[in-house]
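Working notes for the structure below.
Counting convention: from 1, in listed order, for ligands and their atoms alike. All residue numbers refer to positions in the sequence shown, counting from 1. What you are looking at is a predicted structure, and each value in this text was computed from that prediction instead of being measured. Hydrogens, waters and symmetry mates are skipped; everything else that's a heavy atom, side chains included, is used.
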Amino acid sequence: MPFVQTGFAGLLIFEPAVFEDSRGYFFESYNENVFREADIDIRFVQDNQARSSYGVLRGMHYQRPPYAQTKLVRVLEGAIWDVVADLRRSSPTFGQVYGLELSAENKKQLLVPAGFAHGYAVLSPTAEVFYKCDHFYQKASEGGIRYDDPDLQIDWKIDLSRAVISEKDLQLPAFRGLPEEF
Ligand SMILES: Cc1cn([C@H]2C[C@H](O)[C@@H](COP(=O)(O)OP(=O)(O)O[C@H]3O[C@H](C)C(=O)[C@H](O)[C@H]3O)O2)c(=O)[nH]c1=O
């Protein structure tokens, strides 16, 4: 079974079957049937790709309903510490954070359901991050939480004194007091 539970409902690690031989390796990075056989009914409509250097920290971001996105995140080059926060008020893991390393080396992917804020910090000299989304980008629906939120207490696994963070992300609000969105 290529999906690994995380303890957060719907948040799954996808570990594709990798075929290695003397030439290198091959794997199906996405196959709709594999997800359907796991009763994961999803239709991705947009692919995103971002390149960053060590210490770049993007997040925590989400889109509000009805544009909330489920994402399938993977790393094409380098390594990131990928982080999600459960914003679903009815979830037993509401307000809790989950993080893991995604890398070109481990080929792990994280399926992030709608209702989570998502972000990552780059651990390698450079990283190419690729993720599939099941709803289109809708700038007006964007929301976020500041990376150093005191309630979320996210360990980004990087030297935060060297973090490279956008002006937009530095202005993001705290988790406490967020309106109920999910
Ligand atoms: C997300 C997005 C952005 N853009 C444009 C808007 C800006 O002109 C430029 C950079 O956008 P932004 O600074 O929001 O990029 P990130 O900080 O990497 O945002 C992403 O960071 C975290 C990790 C996420 O999970 C989200 O998918 C997304 O919010 O790309 C688009 O044209 N389409 C898009 O889907």
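- Geometric assessment of Lys107 against the ring of Tyr25 yields a positive cation-pi assignment under the 6.0 Å and 45° thresholds.
- Using a 4.0 Å threshold on non-hydrogen atoms, atom 26 (C) of ligand 1 counts as touching the protein.
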With ring-ring contact (aromatic ring centres under 6.0 Å, His included) as the test, would you mind laying out the steps for Phe182 and Tyr62 before giving the verdict?
CA-CA 11 Å; Phe182 299 97; Tyr62 61 90; 5.6 Å; yes
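- The heavy atom nearest to atom 24 (C) of ligand 1, out of those in Lys71, Gln49, Arg58, is found in Lys71.
- Using a 4.0 Å cut-off to heavy atoms of Asn48, the atoms of ligand 1 that qualify are 35 (O).
- Defined by atom type and a distance below 3.5 Å, a donor-acceptor pair is present between the side-chain atoms of Arg58 and Ser52.
- Of all the atoms in ligand 1, the ones that sit under 4.0 Å from a non-hydrogen atom of Tyr120 are 23 (C).
- Contact annotation: Gln63 has no heavy atom less than 4.0 Å from any atom of ligand 1.
- The CD atom of Gln96 lies 5.0 Å from the CZ atom of Phe8; values are rounded to the nearest 0.5 Å.
- The presence of a protein heavy atom under 4.0 Å from atom 9 (C) of ligand 1 is ruled out.
- No side-chain heavy atom of Phe94 sits less than 4.5 Å from a side-chain heavy atom of Pro92.
- The nearest non-hydrogen atom to atom 13 (O) of ligand 1, considering only His61, Glu142, Lys168, Met60, comes from Lys168.
- For a threshold of 3.5 Å applied to N or O pairs, the pair formed by Gln46 and ligand 1 contains at least one separation below that value.
- Taking the charged nitrogens against the carboxylate oxygens, Glu32 and Arg43 have no contact shorter than 4.0 Å, which rules out a salt bridge.
- Of all the atoms in ligand 1, the ones that sit under 4.0 Å from a non-hydrogen atom of Tyr131 are 20 (C), 24 (C), 26 (C), 27 (O), 28 (C).
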